[in-house]
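Lettering of chains follows the sequences in order, A, B, ..., and the numbering in each one begins at 1.
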Amino acid sequence: MDSEIIGLLGLVVLMGLLMLRAPIGISLIAVSFSGIYYLIGPRPAFGMLASLPYDFASKWTLSSVPMFLLMGFVCFNAGLTRGLFQTARSWLAWLPGGLAVASVWGSAGFAAVTGSSIACCAAMGRIAVPEMLKAGYQPALATGTIAAAGTLGALIPPSILLILFGVFAEVPISKLFIGGIGAGLLTALLYMGVIISVAVIRPDYAPRMRERPDMAERMRQLRESWPVFALLVIVIGGMFFGLFTATEAGAVGAFFAIVIALFRRSIGLAGLWQSIRETIVTTASLFLIAVGANLLTRFLTLSGASHYIADAIMALQADPLTLLIGLSVIYLLMGMFLDPLGAMLLTLPVLLPVLDQARIDLIWFGVFLVKFLEIGMITPPIGLNVFVLKGVLGRQVPLTTIFRGILWFLAADFVVVAAFIAFPGIITWLPELMG
Amino acid sequence: MRSLGRILNRLSTLSAAIGGVAVILMMLQIVVDVLLKNLFTWPVPLTATLVTKWYMVAAAFLPLALTEILDRNVAVEVLFQHLTRRWKRILGGAVCLLSAGIAGLMVVPLWDEAMKRMAAGSFIVENGDRLSVWEAYFFLPVGFGLFALVLLYRTVILWTGAESGLNEVPIDTDRTDDDMTGKVHG
Amino acid sequence: TELRIASGTVSKNALNGGMYKFAELIAQKTDGTYTGKVFPGTLLSFAEMTNGVRDGVVDVGYVIPAYTRAEFPQTNLLIDMSTASSDPVVMAGAINDYMFSCAPCLKEFDALNQVFLGFSVAGPYYLMSTKKIASLDDFRGKTIRGIGPFGRWIEAMGGKSVLVTSTDVYESLNQGQLDGNTQGLDTLKSMSLGDIVDYVLDIPIGLYLGSALYDVNRDVWDDMTPEHRRAFLAAAAEGHAWTTINYFAENNVFLTHPETGGVEIVKPDEKLAAASAAFREADLDTVAKINAEKYGITDATERVARLRGLVKKWEGLMQDVDKTDVAAVAAIYDREIFTRIDPSAL
Ligand code: NA
Ligand code: NA
């Protein structure tokens with residue numbers, strides 16, 4: 001049998017395993033190990049199992065993954081997330097769909113202290129969705145807002161996906177981070193536009209709030225939220241002004257989050273252990289997937305399947321625009337089924353040479369890619385953000401309702417992606433300022 | 001069975017806690033390093049080596065068993081959620097058994113590699129300072145080994161319906177609290 | 001037979017080019033019995049390469065013994081001697097001459113189920129900096145990245161040497177945490193360092209000796225006929241000549257045309273040049289001392305003396321040779337080293 005066929009067969013088996021609810025990391029390892037065993041024999045196959053996990057994990061750049069996770073969990077457990085939502089609410093409640101708009105900006109704020117969209121979605125979901133439902137919001141709109149706004153967690157720095165992209169594509173993570181700011185803000189603005197439009201057209205979906213906090217109350221709320229803004233200034237500012245690198249920023253951010261939370265007495269020992277436990281458990285499950293995805297890319301490389309795909313793309317001789325549109329379709333399809341890490345690790349080795357040839361800026365592409373991976377987090381049938389939200393809310397809201405609510409935001413996302421292609425400066429302007 | 005489950009839970013938590021200690025040490029050492037570098041151009045010796053070769057390895061692999069107990073390994077629920085309780089137990093047990101096989105399969109080469117590193121006495125030299133690193137290679141077979149044992153135990157529980165004692169998050173009922181941010185402060 | 005040939009990066013420099021060259025050479029010298037498919041960083045990282053060759057994940061791998069000092073104590077002593085010469089072509093001759101006559105060194109490779117087929121020599125390494133450094137005073141208060149002998153050189157010049165992982169070099173320079181980096185000048189382009197650094201100090205600091213480009217899996221080697229082994233040794237001789245010469249030429253372009261790397265070449269003042277020369281002279285003794293004290297190599301001093309002698313010998317051998325002519329240099333490597341190896345004894 002041709003080795004390329006083995007590679008493609010492996011992907012089919014992988015999909016089968018995933019459908020049986022086998023853990024993604026384990027499925028990736030099982031398929032890749034069997035494939036490598038078949039292609040080049042037992043000793044190399046076992047040899048890869050022996051060497052790869054250690055060498056993958058022992059990377060300086062990846063150390064920021066647990067650090068940023070810790071920062072986010074400490075902020076959540078110290079109640080900072082709730083404060084952020086209350087602040088956004090006191091300032092934005094007067095708008096049509098004000099609660100939902102406040103959720104978007106609350107998520108944007110939390111995104112600045114957390115690296116993952118799942119964490120962002122889970123945190124805001126448990127705070128904001130009950131408030132919206134209580135205020136009479138249509139469940140689809142309430143949950144769709146949170147699932148979509150959660151994706152800001154990986155666009156606005158820090159971002160674990162951008163870190164991993166930087167590691168694999170060998171581009172400076174600080175530039176990727178700064179590039180993500182423009183992308184995240186544009187996304188948040190358009191989400192706000194979507195919510196206001198829906199609320200104006202169907203006022204029954206998002207009843208207007210009667211409460212109108214006065215300026216004194218708003219300022220009080222804002223002052224209450226100072227720790228988040230302080231963290232934001234410390235992390236982004238420190239990176240921008242060269243006190244530490246993006247890798248070190250995670251440790252500094254986590255440290256100050258703990259210091260601030262302890263200083264305000266808003267976290268106890270239980271909360272601290274809770275944060276640490278969540279950090280290590282999330283880290284371990286992330287790394288298991290990453291190790292598996294890494295093995296899979298090697299299996300596909302050995303089988304020649306990835307080479308085959310890259311050659312096919314190169315042979316098209318597409319101009320950059322056609323190439324990007326083609327990639328958008330591929331990522332949209334992959335995003336429907338794959339988790340973002342797997343989708344990224346699977347495609348990068350194939351794509352990097354193609355991008356190089358088409359002279360596509362890798363900083364721009366990194367942010368563009370993460371935007372698509374995040375769209376995949378909210379598209380059916382497999383949308384991790386939606387599943388997480390469902391997990392938080394339990395039986396109150398069916399899965400189909402959440403997916404229905406997301407449709408509005410997907411429309412906004414397509415505008416965002418088109419804007420990235422039409423005006424690359426949205427992403428590249430700030431990083432270029434850095435020099 | 002129950003006491004076996006409890007022992008596995010304790011071991012998994014202990015192993016994860018060591019990973020947690022590594023995360024905290026990593027944070028503290030990087031912060032002190034950044035501080036001293038900026039103030040006195042005086043970096044903390046061996047920071048890069050300790051972070052990558054020790055803390056990261058512990059944080060990434062020692063908590064594997066706990067991730068399984070808390071059912072946090074990302075999986076796809078599309079079909080599974082429509083099954084009856086009985087089929088969830090049968091299929092869930094089979095998947096746990098398969099996973100246990102894979103995790104167990106990894107223990108062999110990982111252990112072998114750790115023994116080789118021990119025999120060689122692997123170390124890293126950073127700016128003239130020498131740090132032994134072979135010990136950290138043992139985190140991997142330990143992490144994956146415990147992971148395999150927990151998975152195997154879950155298979156038995158799911159298939160026999162015996163009382164667990166592992167305190168795991170069940171997969172055969174609707175869940176309301178399995179998010180990434182914990183449940184204490186829900 | 002198609003062999004899997006791997007390096008640990010995707011970088012487009014001559015060291016990676018040397019892997020493609022080897023694939024070409026073995027096909028040519030074995031009349032197509034052996035061909036190679038190159039995996040540049042897509043199959044294994046450098047950290048995994050030693051084990052990858054050992055286990056047969058790849059058949060030929062670019063191994064960097066400095067990654068695992070514990071497994072290669074004897075070999076690393078030789079790699080430490082960066083300052084023994086600043087001529088890469090001479091140095092490649094000297095170190096390979098030494099390696100193939102050093103039984104304990106070869107045994108280290110054998111223990112990892114692989115056959116050593118020689119080192120390519122890269123460099124010299126230079127100091128690239130964001131601020132102009134032309135005198136010993138300019139080094140004061142500067143934080144510069146340097147590994148091993150390069151770190152010792154920075155300290156000897158009065159700077160502060162630090163270790164920064166290669167993924168963080170760009171950022172640290174960009175943010176001003178680092179004032180400079182000591183590495184091959186190809187990094188001005190391959191790691192985009194030319195975007196940030198503006199100056200290159202015109203002092204060759206030392207050579208990077210330890211790139212074992214063509215480590216062959218032991219089982220693959222044992223399955224070969226004596227003629228094919230001979231062909232592989234000849235391919236290695238030519239491959240090292242090609243890589244060493246091309247890497248040097250690639251780097252030299254940035255000295256002759258600094259604007260292509262976005263830098264300016266800075267001439268050192270007399271005191272700095274003298275201090276650097278003194279360091280280069282003394283560093284081999286330091287190497288002997290460190291290896292004896294820290295890594296327990298009791299005859300380190302004799303070994304250093306022997307390499308010094310071999311450098312003299314190779315300076316003589318290369319005296320009338322055009323050191324940019326790959327064929328000519330390869331012929332001498334082949335004649336003096338590779339044809340003298342008994343392939344069945346490797
Ligand atoms: Na973020
Ligand atoms: Na999806």
Side-chain angles (χ1 to χ4, degrees), chain A residues 18-26 29-30 33 46-47 49-51 53-54 57-60 62-63 66-67 70 73 76-77 116 118-119 122-123 126 243-244 248 251-252 254-255 270-271 274 276-285 287-289 339 381-382 384 387-388 391-392 394-395, chain B residues 16 19-20 23-24 26-28 30-31 33-34 38 48 51-53 55-57 59-64 66-67 70 72-80 91-92 94-95 98-99 102-103 105-106 108-110 112-113 136-137 140 143 171 174-182 184-186:
Chain A
L18 292 183
M19 284 300 135
L20 295 176
R21 198 189 180 272
I24 295 179
I26 289 286
I29 293 171
F33 173 79
F46 278 106
L49 288 189
S51 309
Y54 178 92
S58 57
K59 284 198 186 69
W60 173 246
L62 287 183
S63 66
M67 295 293 97
L70 181 60
F73 289 129
F76 178 81
N77 284 323
S116 98
I118 290 177
R126 99 175 358 156
L243 295 176
F244 39 77
E248 294 162 334
V252 176
F255 178 75
Q274 182 70 18
I276 295 168
R277 196 187 76 171
E278 291 309 316
T279 301
I280 49 175
V281 164
T282 311
T283 304
S285 60
F287 273 67
L288 188 65
I289 294 175
D339 81 298
I382 298 170
L384 289 182
F387 296 162
V388 166
V392 175
R395 295 183 193 200
Chain B
V23 165
I24 295 301
M26 173 154 70
M27 176 186 80
L28 292 175
I30 296 177
V31 168
D33 182 61
V34 164
N38 278 304
V51 166
T52 58
K53 306 288 176 186
Y55 304 148
M56 280 301 282
V57 181
F61 300 110
L62 286 179
L64 276 172
L66 188 63
T67 63
L70 299 175
R72 294 295 174 70
N73 285 302
V74 188
V76 176
E77 305 267 356
V78 197
L79 289 182
F80 196 81
L91 183 61
V95 165
L98 172 82
S99 305
I102 296 293
L105 187 78
M106 293 185 71
V108 180
L110 289 170
D112 197 40
E113 182 68 22
Y137 280 82
L140 287 119
I171 58 166
D174 270 343
R175 294 177 295 169
T176 53
D177 56 356
D178 61 329
D179 60 293
M180 312 274 288
T181 55
V184 172
H185 294 251

Original post:
Which bit of L105(B) comes within less than 4.5 Å of chain A, counting heavy atoms only: side chain, backbone, both or neither?
Top reply: both
Original post:
Under 3.5 Å, is there a donor-acceptor pair between the side chain of N38(B) and the main chain of V34(B)?
Top reply: yes
Original post:
Is there a side-chain contact between I30(B) and V252(A) (heavy atoms, below 4.5 Å)?
Top reply: no
Original post:
Of the backbone (N, CA, C, O) and the side chain (C-beta and beyond), which part of D33(B) lies under 4.5 Å from a heavy atom of chain A, both, or neither?
Top reply: side chain
Original post:
Quick one: does F46(A)'s side chain get under 4.5 Å of D112(B)'s, heavy atoms only?
Top reply: no
Original post:
Who among T279(A), L70(A), L49(A) has the most heavy-atom pairs with chain B under 4.5 Å?
Top reply: L49(A)
Original post:
Is it the side chain or the backbone of L140(B) that comes within 4.5 Å of chain A heavy atoms, both, or neither?
Top reply: side chain
Subject >> CZ/F255(A): more than 12 non-hydrogen atoms of other groups inside 6.0 Å >> reply: no
Original post:
Distance from T283(A) atom OG1 to L288(A) atom CG, nearest 0.5 Å?
Top reply: 12.5 Å
Original post:
Out of A284(A), G47(A), S51(A), which one racks up the most heavy-atom pairs below 4.5 Å with chain B?
Top reply: A284(A)
Subject >> Which of M106(B), M26(B), M27(B) touches chain A most, by non-hydrogen pairs under 4.5 Å >> reply: M27(B)
Original post:
Just wondering, do P23(A) and V95(B) contact through their side chains at under 4.5 Å, heavy atoms?
Top reply: yes
Original post:
What part of L243(A) gets closer than 4.5 Å to chain B, counting heavy atoms only: side chain, backbone, both or neither?
Top reply: both
Original post:
Considering only heavy atoms, which portion of V51(B) lies under 4.5 Å from any heavy atom of chain A: side chain, backbone, both, or neither?
Top reply: side chain
Subject >> Parallel, tilted or perpendicular, as decided by the 30° and 60° cut-offs, for the rings of Y137(B) and Y54(A) >> reply: parallel
Original post:
Looking at G25(A), A30(A), S63(A), which has the largest count of heavy-atom pairs under 4.5 Å with chain B?
Top reply: S63(A)
